[in-house]
Amino acid sequence: MAISYDYGGRTVLVTGGTKGIGAGVASAFLAAGADVVVCARRPPDRPPSAGGRAAWFVQADVRDAHQVESLIDAVAERYGRLDAVVNNAGGSPYVPAADASPGFHAKVIELNLVAPLHVSQRAHQVMRTQDDGGAIVMVGSVSGVRPSPGTAAYGAAKAGLHHLAACLAAEWAPKVRVNSVVVGLADTGAAGEHYGGAGTLAQVGATVPARRLAEPADVAAACLFLGAPEAAYITGSTLTVDGGGERPAWSHVVAEAVAHKTARTASPP
């Protein structure tokens, strides 16, 4: 059964909402009737759209607290309210920790942890004045709950983000709800580079119990739920969207050994 949400009359901000998962989330909220604002450092060729409606784009670097303040003020001035924020902006290129510069590590942590804090703080100032408060969703990652070799600072920042959400939820309840969506292996549109090339995506997806990578629509569905009034009693929670997780490395060794033994047994003497 399809689940639909009515976000008519509500305003939603999606940071980093011009491409990949962010664009998918923005389009889903538009389809649900929300007025959607997306931000990024550079203007998109075309903002996300759905049902003949497009998101309003505001150019902003969420790592800059002053730009965040201007962003939230612009949203509140244009729409008169802010009902939900999806802190989606983030990411990191693959760089072994031993080779990365201190500046690189600082920028990764700033984007993936400090920036969502700035956005949430400013959004909270608007939401707490509204009769029905608001909801904030942090887009986290499995990199923050298991080792993340090659993206260590990113994984550490996401672990911090998950904890930050729980802390803000405790501080800001009951007016403003704060939850995390922990995303597993995902096809973001640029996943081929991260997973070794477009040709390996299907192979990587096959390692997930769901037999595929997460798609933007999967993450969007979780964000729609957590931002909706139907989730009014859910705050400080973590919703994992990972298709069943990742199989441990040793299971592949065992599977190969069993397959080899079966092949030898089945072979004629």
Side-chain angles (χ1 to χ4, degrees), residues 15-16 19-22 25 40-41 61-65 68 86-121 136-169 178-198 200-201 203-209 213-216 218-219 222 236-253:
T15 68
K19 58 184 179 180
I21 287 176
V25 171
R41 287 180 293 166
D61 184 343
V62 291
R63 297 173 299 180
D64 184 325
V68 168
V86 179
N87 277 305
N88 166 77
S92 172
Y94 179 93
V95 180
D99 300 331
S101 68
F104 173 85
H105 283 150
K107 288 180 179 178
V108 170
I109 293 172
E110 185 178 28
L111 174 61
N112 291 281
L113 177 58
V114 180
L117 173 56
H118 288 161
V119 173
S120 299
Q121 280 184 303
I136 297 172
V137 180
M138 307 294 195
V139 178
S141 170
V142 291
S143 293
V145 297
R146 50 92 161 128
S148 184
T151 52
Y154 171 79
K158 288 300 188 182
L161 182 66
H162 306 157
H163 185 71
L164 173 65
C167 292
L168 298 183
V178 188
N179 294 288
S180 295
V181 173
V182 177
V183 183
L185 304 181
D187 186 354
T188 64
E193 180 180 348
H194 184 74
Y195 295 127
T200 63
L201 285 180
Q203 292 174 279
V204 174
T207 68
V208 178
L213 299 176
E215 298 174 355
D218 298 311
V219 182
S237 295
T238 299
L239 177 55
T240 303
V241 182
D242 65 355
E246 302 171 46
R247 294 188 181 90
W250 60 262
S251 68
H252 299 287
V253 176

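Quick note: residue numbers are just sequence positions, from 1. Because the structure is predicted, anything quoted here is derived from the model rather than measured.
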Shortest non-hydrogen separation from [X] to [Y] and the atoms involved:
{"X": "Y94", "Y": "P149", "answer": "CE1-O, 3.7 Å"}
{"X": "L213", "Y": "D187", "answer": "CB-N, 3.8 Å"}
{"X": "P209", "Y": "G245", "answer": "CD-O, 3.0 Å"}
{"X": "F104", "Y": "P93", "answer": "CE1-CG, 3.6 Å"}
{"X": "A89", "Y": "G16", "answer": "CB-N, 3.8 Å"}
{"X": "G144", "Y": "A159", "answer": "O-CB, 3.3 Å"}

(request) Could you tell me whether a side-chain N or O of N179 sits under 3.5 Å from a main-chain N or O of S237, the two making a donor and an acceptor? (result) yes

(message) Considering only residues two or more places apart or on different chains, which pairs with a residue in residues 99-120 satisfy side chain to side chain donor-acceptor pair (under 3.5 Å)?
(response) N87-S120

List the residues meeting side chain to side chain contact (heavy atoms under 4.5 Å, CB included) with [X], not counting sequence neighbours, and say none if there are none.
{"X": "S180", "result": "M138, H162, A165, T238"}
{"X": "A156", "result": "none"}
{"X": "A166", "result": "none"}
{"X": "D242", "result": "V142, T240"}

(message) Determine whether L168 and I136 satisfy the following criterion, side-chain contact (heavy atoms from CB on, under 4.5 Å), listing intermediate values before the conclusion.
(response) CA-CA 10 Å; L168 298 183; I136 297 172; 5.8 Å; no

(message) Restricting to salt bridge (Lys or Arg N to Asp or Glu O under 4.0 Å), what partner residues turn up for R63, sequence neighbours left out?
(response) D61

(request) Report the residues that fulfil salt bridge (Lys or Arg N to Asp or Glu O under 4.0 Å) with E246, sequence neighbours left out, ordered by chain and then residue number. (result) R146

(request) Name all residues meeting the side chain to side chain donor-acceptor pair (under 3.5 Å) criterion together with T15; count only those two or more places apart in sequence or in a different chain, and write none if there are none. (result) none

(message) Considering only residues two or more places apart or on different chains, which pairs with a residue in residues 151-160 satisfy salt bridge (charged side-chain N to carboxylate O under 4.0 Å, His left out)?
(response) none

(request) Quick one: do L185 and V208 satisfy side-chain contact (heavy atoms from CB on, under 4.5 Å)? Show the steps, please. (result) CA-CA 8 Å; L185 304 181; V208 178; 4.0 Å; yes

